[in-house]
Amino acid sequence: MNKIRKPISGWLRVVLIIIPFFLFVGVSQMLAFLVLGFKPSDRNFVPTTVQSLVLELFMFAGTFAVVGIFRRWIDKESFRSLGFYLRNLKQETFIGLLLGTLMITTGFFLLLMLHEINWVDTNPEVANLFYSLVLFIAVAFTEELIFRGYILNNLMLSMNRWIALFVSSLLFSSIHMGNANFTWLSFLSILLAGLLLGVPYIFTQSLWLPIALHFSWNFFQGTIFGFSVSGNAEYSLIIQSRATDTFLNGGKFGFEGSILAIVFLSLAIAALGAYYFRIEKFNAETDHVENTPLTE
């Protein structure tokens with residue numbers, strides 16, 4: 001008699017994908033360096049916006065490949081079930097774009113008013129704006145695919161959804177520890193960002209809002225307002241400067257190293273959490289009424 005194999009538990013799937021993920025991403029980055037004509041060991045390599053885009057597209061390809069393989073052969077689930085359902089696509093995308101844009105724009109002008117940063121000049125370059133747009137779309141898809149779509153998705157199968165959210169956010173923040181000018185303040189900020197990006201996912205299992213929010217946060221932070229993005233400086237429309245690095249302006253790490261970011265992220269987590277709790281409660285009450293048998 002053939003034994004029925006038990007499915008691999010969610011937390012174990014997460015553990016199993018770690019080494020293949022870094023292997024696939026590492027190989028894809030080596031291929032990207034070959035395409036660009038640079039050696040991975042070249043410490044003087046400072047990529048242009050186009051080169052950053054090429055590197056990110058290869059990283060996305062590596063991430064897409066390893067997640068696709070695991071979803072098909074280990075999880076035995078559809079790729080769409082990672083969170084690419086079409087329901088509420090427009091609504092969730094709009095909320096994500098609006099929320100990220102609002103937080104970064106408010107932070108920028110508040111720091112200007114506090115004289116924590118200075119608006120030095122503008123540098124409109126249509127080509128670089130377009131490359132940056134595609135770059136941060138790719139970043140959002142890549143990181144949300146692995147951290148929310150795969151890791152958080154699987155952890156929720158093995159543990160309480162809030163614990164799964166915290167663990168996935170901790171991993172998300174930890175992977176940024178090698179970034180330039182990283183601080184423990186930025187660690188907390190990115191941890192909170194992971195929580196914010198994961199809150200809508202644990203209620204909807206949809207990636208559209210996290211992807212849109214991740215994109216708008218990065219794009220407006222770096223490309224529009226001139227902050228470093230997680231310690232990485234890219235092309236920006238607005239050129240800004242700082243008289244000194246402080247815990248308010250985030251210093252060289254960018255807005256994510258700012259206490260202001262921590263305040264905004266905390267408020268956004270509370271607001272999104274309340275929003276989705278209200279929807280969940282309403283749906284539960286509606287289901288209860290619909291399933292209650294009629295009596296004479």
Side-chain angles (χ1 to χ4, degrees), residues 6-22 24-25 63-64 66-85 87-88 92 95-96 99-100 139-177 186-215 217 230 256 262 265-281 283-284:
K6 293 182 179 180
I8 300 174
S9 58
W11 69 267
L12 185 54
R13 296 176 193 176
V14 172
V15 172
L16 290 174
I17 202 175
I18 291 175
I19 293 178
F21 170 72
F22 283 108
F24 271 69
V25 168
T63 303
F64 183 88
V66 71
V67 170
I69 290 171
F70 266 70
R71 198 62 174 171
R72 173 66 178 85
W73 300 106
I74 303 299
D75 302 7
K76 300 186 185 306
E77 299 281 352
S78 68
F79 195 85
R80 180 196 291 186
S81 65
L82 292 167
F84 294 107
Y85 305 106
R87 62 175 185 266
N88 299 324
E92 292 179 4
I95 293 173
L99 184 56
V139 169
F141 266 93
T142 300
E143 296 189 0
E144 293 312 304
L145 177 61
I146 184 65
F147 285 102
R148 258 58 66 179
Y150 194 84
I151 292 177
L152 180 53
N153 181 298
N154 273 299
L155 287 179
M156 285 195 297
L157 299 176
S158 297
M159 57 189 73
N160 175 277
R161 61 182 177 176
W162 296 102
I163 297 175
L165 174 60
F166 179 78
V167 172
S168 65
S169 300
L170 192 62
L171 292 172
F172 179 63
S173 187
S174 297
I175 206 169
H176 291 82
M177 292 180 71
S186 55
F187 179 87
L188 176 59
S189 179
I190 297 176
L191 174 64
L192 290 172
L195 294 174
L196 177 60
L197 293 165
V199 163
Y201 190 82
I202 65 174
F203 284 96
T204 67
Q205 282 74 61
S206 172
L207 282 173
W208 299 120
L209 196 156
I211 288 172
L213 174 54
H214 199 145
F215 160 74
W217 174 277
S230 301
E256 291 166 358
I262 291 174
L265 290 166
S266 299
L267 291 174
I269 290 169
L272 267 187
Y275 170 75
Y276 282 108
F277 265 124
R278 184 175 181 180
I279 292 177
E280 187 176 65
K281 182 179 179 181
N283 290 337

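Aromatic pair Y201/F147: centroids not less than 6.0 angstrom apart. Taking the six-membered ring for Trp and the full ring otherwise, F215 and F141 have centroids separated by 6.0 Å or more.
To the nearest 0.5 angstrom, L171 atom CG is 6.5 Å from I18 atom CD1. In this structure, S174 OG and I190 CD1 are separated by 10.0 Å, a value rounded to the nearest 0.5 Å. Distance check: Q205 CD to R87 CZ gives 7.5 Å after rounding to the nearest 0.5 Å. From L192, atom CG reaches atom CD1 of I269 across 4.5 Å, with rounding to the nearest 0.5 Å. The distance from atom CG of L155 to atom CG of N160, rounded to the nearest 0.5 Å, is 11.5 Å. Taking OG of S186 as the start and CD of E256 as the end, the distance is 8.5 Å to the nearest 0.5 Å.
Put simply, the side chain of W11 does not reach to within 4.5 Å of the side chain of N154, judged on heavy atoms. The closest side-chain heavy-atom distance from W217 to L265 is below 4.5 Å. You'll find the side chain of T204 reaches within 4.5 Å of the side chain of Y276, heavy atoms only.
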Using the rule given for side chain to side chain contact (heavy atoms under 4.5 Å, CB included), can you reason through F24 versus I17, listing the C-alpha separation, both sets of side-chain angles and the distance that settles it, and then say yes or no? CA-CA 10 Å; F24 271 69; I17 202 175; over 6 Å; no

Working for ring pair (Phe, Tyr, Trp, His ring centres under 6.0 Å), residues Y275 and F203: CA-CA 10 Å; Y275 170 75; F203 284 96; 9.3 Å; no

Could you go through the side chain to side chain contact (heavy atoms under 4.5 Å, CB included) check for V167 and V14 one step at a time? CA-CA 11 Å; V167 172; V14 172; over 6 Å; no

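Summarising the geometry of L165 relative to G194, their closest heavy-atom pair is CD1-O, 4.1 Å, with the distance given to 0.1 Å. Residues L191 and L170 come closest through the heavy atom pair CD1-N, 3.6 Å. Of all the heavy atoms in P200 and L209, the pair that sits closest is CG-CD2, 3.8 Å. Considering every non-hydrogen atom in both S81 and N153, the closest pair reads O-ND2, 3.3 Å. The shortest heavy-atom contact between E92 and S206 is OE1-OG, 2.7 Å. The heavy-atom pair separating G149 from L207 by the smallest distance is N-CD2, 3.7 Å.
Annotation: F187, atom CZ; neighbour count of heavy atoms from other residues, nucleotides and ligands within 6.0 Å is above 12.
The main-chain N or O of S169 is never found under 3.5 Å from a side-chain atom of S173 such that the two would form a donor-acceptor pair.
Taking the six-membered ring where the residue is Trp, F70 and Y150 present perpendicular rings, their angle passing 60° and hence far from 30°. Between W208 and F84, the ring-plane angle classifies as perpendicular under the 30° and 60° cut-offs. Between F172 and H214, the angle of the ring planes goes over 60°, which puts this pair in the perpendicular group of the 30/60° scheme.
Side-chain contact of S158 with R13: a donor-acceptor pair under 3.5 Å is absent, judged by distance alone.
Shown are V139, L82, L197; of these, the side chain to side chain contact (heavy atoms under 4.5 Å, CB included) with E144 is made only by L197. Each of I151, V66, T63, I211 was scored for a side chain to side chain contact (heavy atoms under 4.5 Å, CB included) with L145, with one residue passing: T63.
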